[in-house]
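A short worksheet on the structure shown next.
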Amino acid sequence: MVQHDKISDSDLRNKIKNTEICFGGNRKLKIYGTLKCSSGKRMKRENRVFFLSENDASQNGFRPCGHCMKTEYQNWKNGLI
């Protein structure tokens, strides 16, 4: 897990380009989603975190976003994850 306020913008762009970061999340709400999610783009920088994989996010106690990851969210909600 990488916190947005602890990484420079250029390092962040490089990590996304090299697919070292594939998902973003909200540290306070414990929700993760795709980097293109409109909900994720609205959150404050100090609350934003990044993950390499869905597994990395779930191991840190985050749940899928109901907006951009509907199937994964339904599976989580139904207790399948």
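Quick note: residue numbers are just sequence positions, from 1.
- A salt bridge is defined here as a Lys NZ or Arg NE, NH1 or NH2 lying under 4.0 Å from an Asp or Glu carboxylate O, and Asp9 with Arg45 meets this definition.
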Going through the distances and angles, do Val49 and Val2 end up as a side-chain contact (heavy atoms from CB on, under 4.5 Å)? CA-CA 5 Å; Val49 292; Val2 177; over 6 Å; no
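- Here the CZ-CD distance, from Phe50 to Glu20, works out to 13.0 Å after rounding to the nearest 0.5 Å.
- Around NZ of Lys77, the count of heavy atoms belonging to other residues, nucleotides or ligands within 6.0 Å does not exceed 12.
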Side chains of residues 59-67: which donor-acceptor pairs under 3.5 Å do they make with residues two or more places apart or in other chains?
| unit_1 | atom_1 | unit_2 | atom_2 | d |
| --- | --- | --- | --- | --- |
| Asn60 | ND2 | Asp56 | O | 2.8 |
| Asn60 | ND2 | Asp56 | OD1 | 3.2 |
| His67 | NE2 | Ser38 | OG | 3.3 |

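- Rounding to the nearest 0.5 angstrom, the gap separating the SG atom in Cys68 from the NZ atom in Lys41 is 10.5 Å.
- Taking 4.5 Å as the limit, some side-chain heavy atom of Met69 sits within range of a side-chain heavy atom of Phe23.
- A distance of 7.5 Å separates CZ in Arg42 from SG in Cys37, rounded to the nearest 0.5 Å.
- Side-chain contact between Leu52 and Ile21 is absent, with no heavy atoms from C-beta onward closer than 4.5 Å.
- Under the 4.5 Å side-chain criterion, counting only non-hydrogen atoms from C-beta, Leu12 is in contact with His4.
- Looking at Arg27 and Arg48, their side chains never come closer than 4.5 Å, going by heavy atoms from C-beta outward.
- With rounding to the nearest 0.5 angstrom, the OH atom of Tyr73 is 8.0 Å from the CD1 atom of Ile31.
- No donor-acceptor pair under 3.5 Å is formed between the side chain of Asp11 and the backbone N or O of Ile7.
- Once rounded to the nearest 0.5 Å, the distance linking OG1 of Thr71 with CH2 of Trp76 reads 15.0 Å.
- With hydrophobic clusters built from ILVMFWY side chains whose heavy atoms lie under 4.5 angstrom apart, Tyr32 shares a cluster with Met1.
- A donor-acceptor contact shorter than 3.5 Å is absent between the side chain of Asn47 and the backbone of Met43.
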